[in-house]
Amino acid sequence: QVQLVESGGGLVQPGGSLRLSCAASGSGIRATTMGWYRQAPGEQRDLVAFINPDYTTNYADSVKGRFTISRDNAKNTVYLQMNRLEPEDTAVYYCRRFDFNAWGQGTLVTVSS
(Lines give C-alpha, C1' and ligand atoms only; values in the text may rest on other atoms or scores of the structure.)
Protein backbone atom coordinates (compact mmCIF):
# COMPACT_ATOMS: atom_id res chain seq x y z
CA GLN A 1 0.00 0.00 0.00
CA VAL A 2 1.41 3.35 -1.06
CA GLN A 3 1.44 5.97 1.67
CA LEU A 4 2.70 9.51 2.10
CA VAL A 5 3.23 11.18 5.45
CA GLU A 6 3.94 14.92 5.71
CA SER A 7 5.59 16.59 8.67
CA GLY A 8 7.22 19.86 9.62
CA GLY A 9 4.28 22.22 9.68
CA GLY A 10 3.62 24.67 12.48
CA LEU A 11 3.29 28.28 13.49
CA VAL A 12 5.92 30.71 12.26
CA GLN A 13 6.23 34.49 12.18
CA PRO A 14 6.26 36.39 8.91
CA GLY A 15 9.72 36.30 7.40
CA GLY A 16 10.50 32.99 9.05
CA SER A 17 11.32 29.59 7.60
CA LEU A 18 10.03 26.03 7.77
CA ARG A 19 11.04 22.79 6.12
CA LEU A 20 8.35 20.28 5.27
CA SER A 21 9.08 16.61 4.74
CA CYS A 22 7.09 13.96 2.89
CA ALA A 23 8.03 10.36 3.60
CA ALA A 24 6.83 7.77 1.11
CA SER A 25 6.33 4.08 1.77
CA GLY A 26 5.04 1.11 -0.17
CA SER A 27 6.96 1.92 -3.34
CA GLY A 28 10.14 3.82 -4.15
CA ILE A 29 9.87 7.35 -5.51
CA ARG A 30 12.90 7.30 -7.78
CA ALA A 31 10.94 7.09 -11.04
CA THR A 32 8.05 9.43 -10.30
CA THR A 33 7.38 13.14 -10.15
CA MET A 34 6.64 14.37 -6.63
CA GLY A 35 4.76 17.53 -5.77
CA TRP A 36 3.66 19.84 -3.00
CA TYR A 37 0.23 21.45 -3.02
CA ARG A 38 -1.52 23.74 -0.57
CA GLN A 39 -5.07 24.58 0.34
CA ALA A 40 -6.07 27.65 2.30
CA PRO A 41 -9.43 27.79 4.11
CA GLY A 42 -12.24 28.22 1.62
CA GLU A 43 -9.88 27.94 -1.34
CA GLN A 44 -9.06 25.26 -3.88
CA ARG A 45 -5.98 23.10 -3.64
CA ASP A 46 -3.17 24.63 -5.70
CA LEU A 47 0.16 23.35 -6.92
CA VAL A 48 3.14 24.84 -5.09
CA ALA A 49 6.04 22.97 -6.68
CA PHE A 50 7.00 19.68 -8.24
CA ILE A 51 10.22 17.82 -8.90
CA ASN A 52 10.75 15.32 -11.69
CA PRO A 53 12.82 12.12 -11.59
CA ASP A 54 15.64 14.02 -13.35
CA TYR A 55 15.55 16.63 -10.54
CA THR A 56 14.13 19.39 -12.72
CA THR A 57 11.68 21.56 -10.81
CA ASN A 58 8.77 23.89 -11.33
CA TYR A 59 7.26 26.45 -8.96
CA ALA A 60 4.12 28.51 -8.65
CA ASP A 61 4.87 32.17 -9.33
CA SER A 62 3.85 33.10 -5.79
CA VAL A 63 6.65 31.04 -4.22
CA LYS A 64 9.47 31.40 -6.76
CA GLY A 65 12.66 32.53 -5.09
CA ARG A 66 11.35 31.69 -1.62
CA PHE A 67 10.58 27.96 -1.68
CA THR A 68 12.82 25.08 -2.75
CA ILE A 69 11.70 21.54 -3.45
CA SER A 70 14.19 18.69 -3.23
CA ARG A 71 14.22 14.92 -3.05
CA ASP A 72 16.27 12.15 -1.48
CA ASN A 73 15.42 8.97 -3.33
CA ALA A 74 17.48 6.84 -0.97
CA LYS A 75 15.26 8.00 1.89
CA ASN A 76 12.07 8.02 -0.19
CA THR A 77 11.55 11.56 1.01
CA VAL A 78 10.70 14.88 -0.60
CA TYR A 79 11.27 18.23 1.08
CA LEU A 80 9.93 21.74 0.77
CA GLN A 81 12.16 24.45 2.19
CA MET A 82 10.09 27.58 2.74
CA ASN A 83 11.84 30.87 3.40
CA ARG A 84 10.59 34.43 3.83
CA LEU A 85 7.17 33.12 4.73
CA GLU A 86 4.19 35.43 4.38
CA PRO A 87 0.72 35.31 5.96
CA GLU A 88 -0.61 34.40 2.51
CA ASP A 89 1.35 31.13 2.72
CA THR A 90 -0.93 29.93 5.51
CA ALA A 91 -2.51 26.68 4.35
CA VAL A 92 -2.57 22.93 4.72
CA TYR A 93 0.30 21.58 2.64
CA TYR A 94 -0.10 18.24 0.88
CA CYS A 95 2.39 15.94 -0.75
CA ARG A 96 1.51 14.03 -3.91
CA ARG A 97 3.19 11.28 -5.88
CA PHE A 98 2.15 11.41 -9.48
CA ASP A 99 2.53 7.75 -10.51
CA PHE A 100 -0.15 6.49 -8.13
CA ASN A 101 -1.90 9.84 -7.75
CA ALA A 102 -1.48 9.33 -4.02
CA TRP A 103 -1.81 12.10 -1.43
CA GLY A 104 -0.70 12.58 2.13
CA GLN A 105 -2.93 13.73 4.95
CA GLY A 106 -1.49 17.24 4.96
CA THR A 107 0.39 19.39 7.42
CA LEU A 108 -0.78 22.82 8.57
CA VAL A 109 1.44 25.86 8.12
CA THR A 110 0.36 29.05 9.85
CA VAL A 111 2.22 32.29 9.26
CA SER A 112 1.22 34.88 11.81
CA SER A 113 2.68 37.33 14.27
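Note that the structure is a prediction, hence the values are computed from the model and not measured. The basis for the numbers below is simple: all heavy atoms, side chains too, and nothing from hydrogens, waters or symmetry mates.
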Subject >> Q44 vs Q39 side-chain heavy atoms within contact, under 4.5 Å >> reply: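 In short, these two side chains do not touch, never coming nearer than 4.5 Å.
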
**OP:** Taking the side chain as every heavy atom from C-beta outward, state whether P87 and S112 have any pair of such atoms under 4.5 Å apart.
**Re:**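 Side-chain contact under 4.5 Å: no.
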
Which heavy-atom pair separates [X] from [Y] by the least distance, and what is that distance?
X	Y	value
E6	Y94	OE2-CA, 3.3 Å
S17	N83	OG-OD1, 3.0 Å
N76	S27	ND2-O, 4.2 Å
G9	V109	CA-CG2, 4.1 Å
L80	A49	CD1-CB, 4.5 Å

Subject >> Partner of M34 under side-chain contact (heavy atoms from CB on, under 4.5 Å), chosen from V78, N52, I69 >> reply: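 One option only clears the test, and that one is V78.
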
Original post:
Among Q81, E86, M82, which residue meets the side-chain contact (heavy atoms from CB on, under 4.5 Å) test with R66?
Top reply: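 Of the listed options, the one satisfying the test is E86.
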
Original post:
Taking T33 for the side chain and F98 for the main chain, is one N or O donor matched with an acceptor at less than 3.5 Å?
Top reply: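 Not at all, since once roles are kept as given, no pair shorter than 3.5 Å links the two residues.
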
**OP:** For T32 and I29, indicate whether the former's side chain and the latter's backbone hold a donor-acceptor pair under 3.5 Å.
**Re:**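 A pair under 3.5 Å: no.
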
**OP:** Test T57 against Y59 for side chain to side chain contact (heavy atoms under 4.5 Å, CB included), laying out the working first.
**Re:** CA-CA 7 Å; T57 58; Y59 295 91; 3.5 Å; yes

**OP:** For the residue pair T77 and D72, confirm or rule out a side-chain donor-acceptor distance under 3.5 Å.
**Re:**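 Their side chains do not contain a donor-acceptor pair, so the 3.5 Å distance test is not met.
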
Original post:
Excluding sequence neighbours, so at least two apart, what forms ring-ring contact (aromatic ring centres under 6.0 Å, His included) with F50?
Top reply: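 None.
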
Are [X] and [Y] joined in one hydrophobic group, where the rule is that I, L, V, M, F, W and Y side chains link up if heavy atoms are under 4.5 Å apart?
X	Y	result
Y37	I51	no
L85	V92	no
W103	F100	no

**OP:** May I ask you to check whether W36 and F67 place their ring centres under 6.0 Å from each other?
**Re:**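 Between W36 and F67, which both carry aromatic rings, the centre distance is not below 6.0 Å.
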
Original post:
Checking side chain to side chain contact (heavy atoms under 4.5 Å, CB included) for the pair T110/L108: CA distance, chi angles, key distance, verdict?
Top reply: CA-CA 6 Å; T110 303; L108 176 63; 3.7 Å; yes

**OP:** Can you tell me which residue pairs pass the salt bridge (charged side-chain N to carboxylate O under 4.0 Å, His left out) test with a partner in residues 29-56, sequence neighbours excluded?
**Re:**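 Checked against salt bridge (charged side-chain N to carboxylate O under 4.0 Å, His left out) - neighbours excluded - the pairs reaching residues 29-56 are R38-D89.
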
Original post:
Tell me the salt bridge (charged side-chain N to carboxylate O under 4.0 Å, His left out) pairs involving residues 94-110, sequence neighbours left out?
Top reply: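 Sorted pair list: R97-D99.
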
Subject >> Distance (rounded to the nearest 0.5 Å) between L4 CG and S25 OG >> reply: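 Between atom CG of L4 and atom OG of S25 there are 7.5 Å.
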
**OP:** Flag this pair as yes if the NZ/CZ of R71 is under 6.0 angstrom from the six-membered ring centre of Y79 and inside a 45 degree cone about the axis; otherwise no.
**Re:**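 So R71 doesn't make the cation-pi contact.
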
